[in-house]
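See structure below.
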Amino acid sequence: MSKILSITFVLLFFFSACATNKSSLNKENRIDSRSNMQSKMLAYVNNIRQNGATCAAPASPLTYNSFLQKSAEAHARDMAINNKLSHTGSGTETDPAKKSIGIGSTYVERILYFGYPNKPGKLLGESLAFTKFNKNSKKDYYDHFKEAVKNLMNDTTHCKIIMNPRFSNVGMSMQRGKDGYYLVIDLGEKL
């Protein structure tokens with residue numbers, strides 16, 4: 001009887017160890033694929049900045065900032081859940097920087113809420129875009145991202161924000177909503 005219990009214990013330990021390793025590998029793969037996508041997104045935007053645009057001369061490259069990244073992720077998720085493209089947060093429980101229920105956050109409030117250490121006179125910015133799903137399209141996440149950025153670059157106001165040479169830090173997130181993807185690019189001046 002004790003042999004059976006010992007073998008059962010060893011087998012349970014072996015299978016649980018395998019399951020743990022498998023799930024941690026999957027988690028690592030998700031993190032790696034996310035950071036790879038973020039690297040591709042950053043390289044795409046920095047290539048545009050490096051080459052210049054119709055609205056502005058070339059600008060120095062941006063670097064990811066974790067505070068701006070958290071702000072962009074939260075707002076993209078808020079817009080995707082509420083199916084609404086807006087610089088103003090929803091004012092619901094999905095808008096973490098809201099002042100109170102019903103009063104949506106501004107992009108500055110979100111950026112500061114997530115810890116970006118802004119100082120008086122330093123510049124903050126945000127650009128938003130939406131790309132609609134098409135049933136017959138074979139576009140993937142990155143294709144939607146490129147389309148969203150191209151749309152932003154075709155709009156003079158958003159183009160000037162993305163190309164502004166005073167910006168050196170960025171956070172970008174694109175979240176899938178009911179009908180398409182919501183893109184947020186939050187930018188900050190070097191502190």
Side-chain angles (χ1 to χ4, degrees), residues 27-80 84-87 89 106-108 110-112 114-119 121-134 136-177 179-191:
K27 185 177 180 183
E28 289 171 13
N29 288 340
R30 284 193 302 264
I31 291 168
D32 288 345
S33 67
R34 181 175 170 198
S35 62
N36 287 340
M37 184 55 68
Q38 286 178 335
S39 295
K40 283 176 70 173
M41 291 165 66
L42 182 60
Y44 186 80
V45 171
N46 279 337
N47 186 51
I48 292 170
R49 283 176 60 94
Q50 177 184 341
N51 292 318
T54 56
C55 70
S60 59
L62 300 167
T63 57
Y64 265 117
N65 176 277
S66 62
F67 301 121
L68 293 172
Q69 185 63 32
K70 289 175 188 172
S71 174
E73 287 173 0
H75 191 50
R77 186 171 32 260
D78 183 39
M79 290 191 301
K84 183 179 178 189
L85 183 70
S86 176
H87 286 285
T106 66
Y107 75 92
V108 172
R110 284 188 298 277
I111 290 170
L112 298 178
F114 284 100
Y116 194 76
N118 196 29
K119 296 178 182 173
K122 295 292 182 180
L123 192 62
L124 298 173
E126 181 173 76
S127 286
L128 308 176
F130 174 79
T131 62
K132 193 162 181 66
F133 293 137
N134 179 340
N136 301 323
S137 175
K138 301 226 187 277
K139 283 190 214 173
D140 65 8
Y141 181 91
Y142 187 61
D143 291 330
H144 279 276
F145 169 77
K146 291 189 299 186
E147 178 185 336
V149 172
K150 285 177 186 173
N151 291 341
L152 290 172
M153 298 308 292
N154 287 331
D155 176 83
T156 304
T157 301
H158 287 103
C159 180
K160 287 180 179 180
I161 291 169
I162 292 170
M163 294 300 295
N164 191 320
R166 287 179 61 186
F167 290 132
S168 59
N169 296 317
V170 68
M172 292 185 275
S173 181
M174 194 168 71
Q175 300 285 325
R176 183 178 177 155
D179 298 322
Y181 285 101
Y182 292 84
L183 172 67
V184 176
I185 302 175
D186 282 342
L187 299 141
E189 191 170 1
K190 186 175 182 179
L191 301 174

Side-chain donor-acceptor pairs of residues 41-48 under 3.5 Å, sequence neighbours excluded:
{"residue": "Asn46", "atom": "OD1", "partner": "Leu62", "partner atom": "N", "Å": "2.6"}
{"residue": "Asn46", "atom": "ND2", "partner": "Leu62", "partner atom": "O", "Å": "3.0"}
{"residue": "Asn47", "atom": "OD1", "partner": "Asn51", "partner atom": "ND2", "Å": "3.1"}

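Distance CG/Leu123 to CD1/Ile161: 9.0 Å, rounded to 0.5 Å. With values rounded to the nearest 0.5 angstrom, Tyr107 atom OH is found 11.0 Å from Ser71 atom OG. Within the model, atoms CD of Gln175 and CD of Glu73 stand 7.0 Å from one another, a figure rounded to the nearest 0.5 Å. We find the CD1-CG distance between Ile111 and Leu124 to be 5.0 Å, quoted to the nearest 0.5 Å. For the atom pair Phe67 CZ and Asn169 CG, the distance stands at 10.5 Å (nearest 0.5 Å). Here the CE-OG1 distance, from Met163 to Thr54, works out to 9.0 Å after rounding to the nearest 0.5 Å.
Here the side chains of Gln50 and Pro58 are not in contact, with every heavy-atom distance at 4.5 Å or above. Glu126 places a side-chain heavy atom less than 4.5 Å from the side chain of Val184. The side-chain heavy atoms of Leu183 and Phe145, taken from C-beta on, include a pair separated by under 4.5 Å. Between Tyr182 and His75, the closest side-chain pair of non-hydrogen atoms is not below 4.5 Å. Side-chain contact between Leu128 and Met79 is present, with at least one heavy-atom pair separated by less than 4.5 Å. Looking at Ile162 and Leu152, their side chains come closer than 4.5 Å, going by heavy atoms from C-beta outward.
Side chain to side chain, Ser127 and His158 fail the donor-acceptor criterion of an N or O pair below 3.5 Å. Between the side chains of Asp186 and Tyr116, no donor-acceptor pair of N or O atoms lies under 3.5 Å.
The two atoms that bring Ser173 and Gln69 nearest to each other are CB-NE2, 4.4 Å, heavy atoms only. Shortest non-hydrogen contact noted between Ala72 and Gly171 is CB-O, 3.5 Å.
Residue pairs meeting the salt bridge (charged side-chain N to carboxylate O under 4.0 Å, His left out) criterion with at least one member in residues 161-173, sequence neighbours excluded: Arg166-Glu189.
For Arg49 (side chain) and Asn164 (main-chain N/O), a donor-acceptor pair under 3.5 Å exists by modelled atom type.
Under the ring pair (Phe, Tyr, Trp, His ring centres under 6.0 Å) criterion, Tyr141 pairs with Tyr181, sequence neighbours left out.
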